[in-house]
Amino acid sequence: MKIAIGCDHAGINLKPELIKYLEKNGYDYTDFGCYDTASVDYNDYAEKVAEAVSKNEYDKGILICGTGIGVSIVANKIKGIRCAHCHDVFSAKMTRLHNDANVLAFGERVIGKGLMSEIVEAFLNTPFSGEEKHLRRINKIKALEDKNFK
Ligand code: RB5
């Protein structure tokens, strides 16, 4: 599984912990930045990661900012992206089962590395349920996207 990751300056301390987790578990990943503590716009990194996933260059994306909110709002503006903002393991698991989320977002100012690892593990290891009702709802999201982002 190929994973695109990114953060802004407010996610710069948690990202190395994410990288440690990905490397320890043998994931193939690309870090789209940022790479230091200089203040940046979360928009630019969320857009890069979401576009890479949208173009199917990566299977999933993981984004970090201070709260996880800014990056998730941006990612969800990119066609084909279903970004889930999760700070608990249950939500990370359910968003895979029900929403087939392809990008995960969380905030360094909200969670620590232990919980982050469990959330990432649930997100990366839970398959989409494939149930008809969930597929139908995802298809409705796609139709809405087509209607609004021509
Ligand atoms: C940066 O200060 C902060 O606003 C950003 O990381 C994020 O939390 C925005 O949603």
Side-chain angles (χ1 to χ4, degrees), residues 1-25 27-126 128 134 137-138 140-150:
M1 190 190 298
K2 286 183 74 181
I3 301 164
I5 69 170
C7 69
D8 71 356
H9 56 285
I12 201 75
N13 297 304
L14 195 53
K15 193 169 64 178
E17 299 300 331
L18 170 63
I19 289 174
K20 265 189 223 167
Y21 173 87
L22 295 175
E23 288 181 349
K24 190 173 150 204
N25 291 284
Y27 287 105
D28 180 6
Y29 71 91
T30 300
D31 181 358
F32 284 80
C34 69
Y35 305 110
D36 58 47
T37 56
S39 183
V40 292
D41 298 336
Y42 56 78
N43 313 63
D44 304 331
Y45 303 92
E47 188 177 338
K48 281 183 198 177
V49 166
E51 276 184 357
V53 175
S54 168
K55 288 179 192 157
N56 288 318
E57 292 166 0
Y58 291 82
D59 301 298
K60 290 200 173 73
I62 303 178
L63 289 164
I64 315 171
C65 66
T67 59
I69 297 171
V71 287
S72 66
I73 292 172
V74 172
N76 277 317
K77 300 289 182 202
I78 307 293
K79 198 168 191 299
I81 296 303
R82 291 179 300 283
C83 176
H85 179 227
C86 299
H87 289 130
D88 67 275
V89 178
F90 178 76
S91 299
K93 184 176 171 191
M94 295 311 288
T95 197
R96 288 289 312 127
L97 284 170
H98 288 195
N99 317 120
D100 198 14
N102 48 13
V103 176
L104 171 68
F106 46 79
E108 172 181 316
R109 295 173 181 164
V110 186
I111 55 168
K113 62 180 178 183
L115 180 54
M116 179 207 67
S117 299
E118 290 189 18
I119 289 169
V120 170
E121 184 167 338
F123 181 73
L124 295 180
N125 291 297
T126 306
F128 174 51
H134 296 309
R137 291 162 191 163
I138 290 168
K140 281 191 173 182
I141 294 172
K142 289 179 181 165
L144 187 64
E145 220 172 37
D146 288 342
K147 192 173 130 192
N148 286 295
F149 298 103
K150 284 244 162 86

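Note that these values count all heavy atoms, side chains included, but never hydrogens, waters or copies made by symmetry. All figures in this text were calculated on a predicted structure; none of them were measured in a lab. Both counts, for ligands and for their atoms, begin at 1 and track the order of listing.
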* Under the ring-ring contact (aromatic ring centres under 6.0 Å, His included) rule, what do Y58 and F32 come out as? Steps first, then yes or no, please. => CA-CA 12 Å; Y58 291 82; F32 284 80; 5.6 Å; yes

* Working for side-chain contact (heavy atoms from CB on, under 4.5 Å), residues F128 and R96 -> CA-CA 5 Å; F128 174 51; R96 288 289 312 127; 4.2 Å; yes

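Looking only at protein heavy atoms, the nearest one to atom 6 (O) of ligand 1 is D8 OD2, 2.6 Å. With hydrogens left out, the protein atom closest to atom 1 (C) of ligand 1 is H9 NE2, 3.7 Å, a heavy atom. In terms of protein heavy atoms, atom 7 (C) of ligand 1 is closest to C65 SG, 3.3 Å. Atom 8 (O) of ligand 1 has its closest protein heavy atom at T67 N, 2.9 Å.
L104 places none of its side-chain heavy atoms less than 4.5 Å from the side chain of T95. The shortest side-chain heavy-atom distance between Y29 and I19 falls under the 4.5 Å cut-off. Within the 4.5 Å cutoff, side-chain heavy atoms of V89 are placed close to those of L115. Looking at M116 and L18, their side chains come closer than 4.5 Å, going by heavy atoms from C-beta outward.
Listed by number with element, the atoms of ligand 1 under 4.0 Å from a non-hydrogen atom of G66 are 5 (C), 6 (O), 7 (C), 8 (O). Heavy-atom contacts of A10 reach the following atoms of ligand 1: 6 (O) (cutoff under 4.0 Å).
In terms of N/O distances under 3.5 Å, ligand 1 is approached by G70.
Within 4.0 Å of atom 4 (O) of ligand 1, not a single protein heavy atom is present.
Under 4.0 Å is where a charged nitrogen must lie from a carboxylate oxygen, and between K142 and E145 no such pair does.
At least one heavy atom of R109 lies less than 4.0 angstrom from ligand 1.
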